[in-house]
Asker: 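Here it is: the structure, laid out below.
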Amino acid sequence: MAQPEHDEQSITATDKENSFRVGAAGVVKDGAQQVKLRRMGNSDLELSPLGLGCWQFSKGSGMVGKFWPVLNDADIASIVRTSLAGGINWFDTAEVYGGGRSEEALADALHAAGASPRETYIATKWWPIMRTAGSIPRTIDERLRRLKGWPIDLYQVHQPYSFSSATAEMNEMAKLAKAGRIRHIGVSNFSAAKMREADKALRAHGLRLTSNQVKYNLLDRRIERNGILDTAKELGVSIIAYSPLEQGLLSGKFHKNPALVKGITGPRKFSGGFKPAGLQRTQPLINRLDELAVKYGASPSQVALNWLIHANGETVFAIPGASKPHHAEENVRAMTFALGSDELRELAELSALCAKR
Ligand SMILES: NC(=O)c1ccc[n+]([C@@H]2O[C@H](COP(=O)([O-])OP(=O)(O)OC[C@H]3O[C@@H](n4cnc5c(N)ncnc54)[C@H](OP(=O)(O)O)[C@@H]3O)[C@@H](O)[C@H]2O)c1
């Protein structure tokens, strides 16, 4: 019988025994979970294998902001605080997430949690569509204003489509880096060829491309076949895996309770994976995630995230988003164990049978 979703309660880090220690004023104390950091690309950034995706902080506004339910400030603060306490030291946002409202909400939550820019990092993105590279220097002040003084550690070109070439965009990014307005440069949704073009353009300035943020999860492994992952490894560019839970599907909650799909407010419910046939196709993978979750005292989401951050050495970082505070609390614990090499391989084989892409 379908189980009711455990999902609707807000469980904050302080609610549960054995949760990460969070100080009375919300300041993360020394109880933060210890996580082995990894270097992002050729940069000097030492980051947790998981970052927090902050698209969900869009407050229902802007071009893509209605995709997720609107989160209130208390929940955003709790998600950020819980992520910090769980050992996450970086956050991914974008200009287009609520037209800057995600950046603002993130900066507010980081300040409220007592986080320091010396040890907590922000990646944001410039939106290129219907723009030229000239908009990069024109809009940087606005990005920094929205981030309320928090430095931009990684500035990414959000999409490969614009009126300018990748080379022209990288030339503008390089100028910002040289002027100390951003620290490192990344791209998102770039093909293997465009990654090469971007890295080459930056090398001409004595810089390197740090990362390519692309969709990657157990149900969408196209980057393993289209050259993006191999090129990233060859160039020493990190992959930042977005939608690492296939927008919630890999949690298994929709398989266990398909009625939940009707309650989705945004457009996710129209995608094939959420339809009855899609859920049926991916059920064998969810069953195996469930079994491994029992073995590791974990959840299926944690196992799916664990696979992502271990299946390719240290090349892949993942940025799960959270619609509720307890998602963040659950997801950070994916950094507390490591699947065995046989299990990594077995999940890859099973996912190849279930994944449509
Ligand atoms: N560069 C790009 O073009 C691009 C594109 C997409 C995303 N991104 C970035 O990647 C981040 C993550 O991607 P995403 O938000 O698309 O997908 P995701 O991380 O795969 O899924 C996030 C959603 O899954 C559900 N969820 C998360 N943890 C859960 C858990 N433990 N148990 C049950 N449900 C859980 C929640 O939705 P419900 O509770 O509503 O089901 C949550 O909002 C974004 O925040 C954004 O920063 C970038």
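Position 1 is the first residue of the sequence, and the numbers go up from there.
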Asker: With a 4.5 Å cut-off on side-chain heavy atoms, are Glu197 and Pro160 touching?
Answerer: no
Asker: Going by heavy atoms in the side chains, are Thr132 and Arg138 under 4.5 Å from each other?
Answerer: yes
Asker: Do you know which two heavy atoms are closest between Met173 and Ile182, and how far apart they sit?
Answerer: O-CD1, 3.7 Å
Asker: Kindly work out whether a path of hydrophobic side-chain contacts (I/L/V/M/F/W/Y, heavy atoms less than 4.5 Å apart) joins Leu347 to Leu305.
Answerer: yes
Asker: Hydrophobic cluster membership, with links at side-chain heavy-atom distances under 4.5 Å among I/L/V/M/F/W/Y: are Met170 and Ile152 in one?
Answerer: yes
Asker: Check the pair Lys194, Asp199 against salt bridge (charged side-chain N to carboxylate O under 4.0 Å, His left out), reporting the backbone distance first and the verdict last.
Answerer: CA-CA 9 Å; Lys194 277 219 156 201; Asp199 190 48; over 6 Å; no
Asker: Between Thr82 and Glu329, is a side chain to side chain donor-acceptor pair (under 3.5 Å) present by the stated rule, with each step listed?
Answerer: CA-CA 6 Å; Thr82 304; Glu329 177 157 15; 5.5 Å; no
Asker: To the closest 0.5 Å, what do you measure between NZ (Lys269) and CG (Leu260)?
Answerer: 12.0 Å
Asker: Who are the side-chain contact (heavy atoms from CB on, under 4.5 Å) partners of Thr231, not counting sequence neighbours?
Answerer: Ala192, Met195, Arg196, Leu235
Asker: Decide yes or no on salt bridge (charged side-chain N to carboxylate O under 4.0 Å, His left out) for Asp141 and Arg143, but give the supporting numbers first.
Answerer: CA-CA 5 Å; Asp141 287 339; Arg143 300 276 59 69; over 6 Å; no
Asker: Measuring from atom CD of Glu169 to atom CD1 of Ile136, what distance do you get when rounded to the nearest 0.5 angstrom?
Answerer: 5.5 Å
Asker: To the nearest 0.5 Å, tell me how far Arg208 CZ sits from Lys200 NZ.
Answerer: 13.5 Å
Asker: Nearest heavy-atom pair of Leu154 and Ile185: which atoms, and what distance?
Answerer: CD1-C, 3.8 Å
Asker: Side-chain heavy atoms nearer than 4.5 Å, only ILVMFWY residues, links allowed to pass through others: does that put Leu245 and Ile309 together?
Answerer: yes
Asker: Compute whether any side-chain donor of one residue and acceptor of the other, for Ser48 and Asn89, lie under 3.5 angstrom apart.
Answerer: yes
Asker: Mind checking who shares a hydrophobic cluster with Val294, ILVMFWY linked at side-chain heavy-atom distances under 4.5 Å?
Answerer: none
Asker: Could you tell me if the side chain of Lys324 sits less than 4.5 Å from the side chain of Leu71, heavy atoms only?
Answerer: no
Asker: Does this structure show an ion pair linking Glu246 with Lys215, if we count only N-O contacts that are shorter than 4.0 Å?
Answerer: yes
Asker: Tell me, which pairs form a side chain to side chain donor-acceptor pair (under 3.5 Å) where one or both residues lie in residues 49-71, sequence neighbours left out?
Answerer: Lys59-Asp73
Asker: State, yes or no, whether a side-chain contact exists between Met40 and Ser211 at a heavy-atom distance under 4.5 Å.
Answerer: yes
Asker: Given side chain to side chain donor-acceptor pair (under 3.5 Å), test Thr124 with Gln156 step by step and report yes or no.
Answerer: CA-CA 6 Å; Thr124 189; Gln156 306 155 97; over 6 Å; no
Asker: Should Leu219 and Leu249 count as side-chain neighbours, where that means a heavy-atom distance under 4.5 Å?
Answerer: yes
Asker: For residues Trp126 and Leu176: do they belong to one hydrophobic cluster (side chain heavy atoms under 4.5 Å, members Ile, Leu, Val, Met, Phe, Trp, Tyr)?
Answerer: yes
Asker: If the threshold is 4.0 Å, N to carboxylate O, is there a salt bridge linking Glu349 and Arg345?
Answerer: no
Asker: Distance from Thr167 atom OG1 to Glu172 atom CD, nearest 0.5 Å?
Answerer: 12.0 Å
Asker: Does any donor atom in the side chain of Arg183 or Ser43 lie under 3.5 Å from an acceptor atom in the other side chain?
Answerer: no
Asker: Go through the side-chain N and O atoms of Gln302 and Asn331 and say whether any donor and acceptor fall under 3.5 Å apart.
Answerer: no
Asker: Are any of the side-chain nitrogens in Arg101 or Glu104 under 4.0 Å away from the carboxylate oxygens of its partner?
Answerer: no
Asker: Compare every heavy atom of Ser83 with every heavy atom of Ala328, then report the nearest pair and how far apart it is.
Answerer: CB-OG, 3.9 Å
Asker: Quick test of your reading: applying ring-ring contact (aromatic ring centres under 6.0 Å, His included), list the pairs with at least one residue in residues 243-273, sequence neighbours left out, ordered by first then second residue.
Answerer: Phe254-Phe274
Asker: Distance check, rounded to the nearest 0.5 Å: Thr120 atom OG1 versus Asp153 atom CG?
Answerer: 9.5 Å
Asker: Answer yes if the side chains of Glu291 and Asn287 hold a donor-acceptor pair under 3.5 Å, and no otherwise.
Answerer: no
Asker: Does Asp290 come within less than 4.0 Å of Arg288, counting only side-chain N to carboxylate O?
Answerer: no
Asker: Give me each pair satisfying ring-ring contact (aromatic ring centres under 6.0 Å, His included) with a member in residues 184-210, each pair once, sequence neighbours excluded.
Answerer: none
Asker: Show your working on salt bridge (charged side-chain N to carboxylate O under 4.0 Å, His left out) between Asp230 and Lys233 and close with a plain yes or no.
Answerer: CA-CA 5 Å; Asp230 286 343; Lys233 288 179 179 172; 5.3 Å; no
Asker: Distance from Met335 atom CE to Leu37 atom CG, nearest 0.5 Å?
Answerer: 9.0 Å
Asker: Is a salt bridge present between Glu343 and Lys295, judged by a nitrogen-to-oxygen distance below 4.0 Å?
Answerer: yes
Asker: For Leu218 and Leu285, which heavy atoms make the closest approach, and how far apart are they?
Answerer: CB-CD2, 4.1 Å
Asker: Take Glu95 and Lys125 through the salt bridge (charged side-chain N to carboxylate O under 4.0 Å, His left out) test and state the conclusion after the steps.
Answerer: CA-CA 6 Å; Glu95 173 180 16; Lys125 313 183 195 83; over 6 Å; no
Asker: For Ile239 and Val214, what are the C-alpha separation, side-chain angles and deciding distance, and is it a side chain to side chain contact (heavy atoms under 4.5 Å, CB included)?
Answerer: CA-CA 7 Å; Ile239 291 293; Val214 287; 3.8 Å; yes
Asker: Regarding Tyr216 and Asn312, do their side chains bring together a donor and an acceptor under 3.5 Å, going by distance alone?
Answerer: yes
Asker: Which pair of heavy atoms, one from Ile79 and one from Ser323, lies closest together, and at what distance?
Answerer: CD1-C, 4.3 Å
Asker: For a quick test of reading the model, state the closest non-hydrogen atom pair linking Leu350 to Pro284 and the distance between them.
Answerer: CD2-O, 3.7 Å
Asker: Answer yes if Leu289 and Trp307 sit in the same cluster of Ile, Leu, Val, Met, Phe, Trp and Tyr residues linked by side chain heavy atoms under 4.5 Å apart, and no otherwise.
Answerer: yes
Asker: Can you confirm whether the side chains of Tyr242 and Asn189 place a donor and an acceptor under 3.5 Å from each other?
Answerer: yes
Asker: Compile the donor-acceptor pairs under 3.5 Å between side chains in residues 107-116 and protein atoms, sequence neighbours left out, one pair per line.
Answerer:
unit_1	atom_1	unit_2	atom_2	d
Asp108	OD1	Lys148	NZ	2.8
Asp108	OD2	Lys148	NZ	3.3
Ser116	OG	Arg118	N	2.9

Asker: What I'd like to find out is whether the side chain of Leu106 reaches to under 4.5 Å of the side chain of Trp150, using heavy atoms alone.
Answerer: no
